[in-house]
Number of protein chains: 2
Amino acid sequence: MATLMDVAKRANVSKMTVSRVINHPDMVTNELKQLVYQAMKELDYRPNLIAKALVNNSTRIVKLCILEDIDTTEPYYMNLMVGIAKTLDLHQYSLQLVTRRNFDIGNCDGYIITGMRKEDLDWIKKLDKPLIMFGENRYGLDYVDTNNKAGTYKMAKLVLERGYDHLVYIGIDSKESFEYSREAGYIQQVQENQMIPELYRFDNHSHLAEEFITEHWKEIEPNTAFICASDRLAMGIERGISRCGGSIPDDYGVTGFDGVFLSQVASPKITTVKQSIIEMGSACGENLLDKINSKMSQGNLIFEPKISIGGTLRD
Amino acid sequence: MATLMDVAKRANVSKMTVSRVINHPDMVTNELKQLVYQAMKELDYRPNLIAKALVNNSTRIVKLCILEDIDTTEPYYMNLMVGIAKTLDLHQYSLQLVTRRNFDIGNCDGYIITGMRKEDLDWIKKLDKPLIMFGENRYGLDYVDTNNKAGTYKMAKLVLERGYDHLVYIGIDSKESFEYSREAGYIQQVQENQMIPELYRFDNHSHLAEEFITEHWKEIEPNTAFICASDRLAMGIERGISRCGGSIPDDYGVTGFDGVFLSQVASPKITTVKQSIIEMGSACGENLLDKINSKMSQGNLIFEPKISIGGTLRD
DNA sequence: TACACAAATGTTACCGATAACATCTTTTTA
DNA sequence: TAAAAAGATGTTATCGGTAACATTTGTGTA
């Protein structure tokens with residue numbers, strides 16, 4: 001691998017001139033610049049990032065802390081990582097994955113954190129490097145997220161337009177901020193239409209939603225739609241209705257939230273609030289790198305979700 | 001952040017002594033070692049990995065090349081990454097994710113590659129750093145994988161024991177090595193029982209398997225079991241049978257392969273050949289790091305799969 | 001023409017670690 | 001007991017870059 005020195009010798013200039021051609025090209029005459037470019041090309045020169053990092057006292061590492069249990073989780077995070085990695089690679093940063101099992105925070109230039117619980121706030125606040133949260137929070141930490149409230153608000157609207165006259169919300173039984181926002185979107189839409197909200201909450205497992213349906217099947221009138229806080233729950237609801245002999249989408253509607261994977265595998269495909277996780281991941285990375293290079297980026301980045309049409313709502 | 005120098009001053013020794021305490025502790029007297037340890041503790045010293053990397057002319061970066069399309073993929077790769085990342089972090093390496101969109105190979109100490117196609121062989125052979133493939137291959141590249149053949153072989157055996165007398169294999173329509181191996185396992189088991197193999201192949205999408213069932217329902221006799229090459233296909237088969245009014249597991253059996261996520265979400269849960277991807281990822285990382293430090297590890301690492309019992313086979 | 005000042009390039013020191021060699025101390029051996 | 005060998009520690013150079021300062025060259029002005 002060619003070094004600065006090799007290029008310098010070949011171009012008959014000093015190392016600094018080469019370094020300047022790269023970092024401050026306006027301080028070098030065109031003549032020398034050409035020589036240097038030529039030499040760089042001939043030697044296929046690539047700067048040594050490690051050496052650069054050493055002088056800058058940086059690590060070129062970003063830690064991605066996924067604090068939720070990954071084992072049972074949707075491909076959601078995979079997409080997130082792909083998005084983040086894409087940006088980081090572009091700027092020649094690399095990634096370290098931190099999980100609760102694997103809890104090493106140190107030796108990095110910044111953090112992206114997701115799935116935090118309240119008790120994590122302590123150590124997070126102590127971090128002395130730039131950080132950005134993935135997922136809304138109410139602790140004043142900068143974050144990137146979907147506009148959760150708008151997602152369910154829009155979806156509920158769509159469901160009403162499709163003529164279902166009974167809207168039930170199936171939520172995730174958790175105190176996280178995103179859940180409150182999703183509930184709020186549903187509630188607002190329903191109230192604007194002079195209807196009474198009806199909410200149920202479960203752990204995020206399809207079979208719980210399925211059981212809910214089968215156990216309450218007698219009480220569930222046709223023309224009801226279920227607005228679910230996740231595709232997983234939606235899948236359970238869908239399966240429950242099918243099992244009880246209900247007809248989707250004619251008599252019952254179902255909608256999900258995420259649009260990463262499950263909504264596609266379900267049958268019929270779930271009409272869902274689609275988050276473009278890859279894009280959000282990229283933005284997240286971009287944002288963090290800006291902070292690291294103190295281009296003063298701060299505040300939140302909210303993405304408007306889109307509705308992805310499947311076969312669980314009638315036309 | 002404290003440096004070697006700081007520790008050295010505090011302990012009243014030279015930098016080299018401190019360095020030796022860390023890397024060649026047997027060359028330093030106990031007395032000095034204690035002093036140095038003390039100083040390190042007081043200053044909370046952590047070696048600067050970047051500086052270390054510079055002298056070793058290494059990057060401490062491993063590239064994970066996922067050459068398959070990730071967008072539509074199961075959480076499989078997420079688990080893989082978690083496994084790899086776990087090991088790498090332990091050894092203070094970090095990860096860069098390479099995809100086809102994002103194709104930067106360079107500046108790293110080694111590669112883990114998965115999802116390669118035949119045409120990738122060219123550039124892969126040219127890589128001048130240690131590499132290990134995730135997933136079996138027949139190009140002589142070292143790999144880590146499940147014992148695919150044993151997986152379907154065992155599964156077919158189990159299915160026979162459970163009394164199904166007609167075994168159909170539902171494969172993935174691809175020329176990859178793992179698929180051939182899975183087919184081979186099924187075929188061998190079936191032939192050992194004087195039965196005639198019956199194989200179908202589809203792209204790895206649940207709805208294709210589902211359609212297959214609904215379209216051929218008349219021809220499918222009760223007491224048939226479907227050995228599928230993936231959980232996705234199994235899910236489709238399962239749904240197709242349910243839709244046609246068939247009873248699982250009483251009249252029909254279904255088995256999958258992977259056990260990462262879908263098998264859990266399906267209903268009933270799929271009896272599947274479970275791969276412990278996280279473990280395999282760790283092993284993969286470990287193996288690569290050994291190669292990097294030229295502890296001469298080479299050859300393949302084959303994991304014996306386990307059968308994970310769901311509700312798609314009768315007792 | 002000479003001097004001041006700006007622009008272009010080169011030199012040196014440094015980032016934080018380690019290897020190789022140098023020096024000093026202790027032990028072994030004849 | 002002196003010389004050689006072994007053991008413990010320190011010094012220097014180095015990895016590949018960049019910042020800060022030093023030097024050279026060129027230009028404008030009196």
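Side-chain N/O atoms of B/Ser14 include one lying less than 4.0 angstrom from OP1 or OP2 on D/dG10. Using a 4.0 Å cut-off, some side-chain N or O of A/Asn23 falls inside it from OP1 or OP2 of D/dT18. Contact annotation: A/Thr17 side-chain N/O to C/dT9 OP1/OP2 distance is not under 4.0 Å. For A/Thr29, a side-chain nitrogen or oxygen approaches OP1 or OP2 of C/dT9 to under 4.0 Å.
D/dT12 atom P lies 12 Å from atom CE of B/Met5, rounded to whole Å. The CD1 atom of B/Ile22 sits 7 Å away from the P atom of C/dA17 (whole-angstrom rounding). Nucleotide D/dA6 holds its C1' atom 15 Å from the CG atom of B/Asp26, rounded to whole Å. Atom CG in A/Leu4 sits about 15 Å away from atom C1' in D/dT14, given to the nearest Å. Rounded to an integer number of Å, the gap from CG of A/Asn48 to C1' of D/dT14 is 13 Å. Going from atom CG of A/Asn56 over to atom C1' of D/dG17 covers 9 Å, rounded to whole Å. Residue B/Arg60 contributes atom CZ, which lies 12 Å from atom C1' of C/dA17 at whole-angstrom precision. For the pair A/Met40 CE and D/dG17 P, the computed distance is 11 Å after rounding to whole Å.
Residues B/Leu54 and B/His24 both approach DNA chain C. Their nearest nucleotides, taken by heavy-atom distance, put B/Leu54 toward the 5′ side. Comparing B/Asn57 and B/Met16 by the nucleotide of DNA chain D whose heavy atom lies nearest to each, the residue mapping closer to the 5' end is B/Met16. Nearer the 5' end of DNA chain C, as judged by each residue's closest nucleotide, is the contact made by A/Glu31, out of B/Arg20 and A/Glu31.
Using a distance-only test at 3.5 Å, with no hydrogens or angles considered, no donor-acceptor pair links the side chain of A/Ser58 to the main chain of A/Leu54.
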(Q) Assess the residue pair A/Tyr45 and A/Leu4 against the criterion (side chain to side chain contact (heavy atoms under 4.5 Å, CB included)); give the C-alpha distance rounded to whole Å, side-chain angles, the decisive distance to 0.1 Å, and a yes or no. (A) CA-CA 8 Å; A/Tyr45 171 73; A/Leu4 255 199; 3.7 Å; yes
Q | side-chain hydrogen bond (donor to acceptor under 3.5 Å, both in side chains) evaluation trace for A/Glu136 with A/Ser181 | A | CA-CA 9 Å; A/Glu136 57 169 286; A/Ser181 299; 2.8 Å; yes
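For A/Lys15 against D/dG17, a side-chain N or O and a base N or O form a donor-acceptor pair under 3.5 Å. Below the 3.5 angstrom threshold, one finds no donor paired with an acceptor across the side chain of A/Arg46 and the base of D/dG16.
Taking the six-membered ring where tryptophan is involved, the planes of B/Tyr76 and B/Phe134 are perpendicular, since the angle between them exceeds 60° and thus also 30°.
Within 4.0 Å (heavy atoms only), A/Ile50 reaches no atom of the nucleic acid at all.
Side-chain atoms of B/Asn293 and B/Asp290 include no donor-acceptor pair closer than 3.5 Å.
Candidate nucleotides D/dG17, D/dT9, C/dA17 were compared by shortest atom distance to the side chain of B/Leu32, and D/dT9 ranks first.
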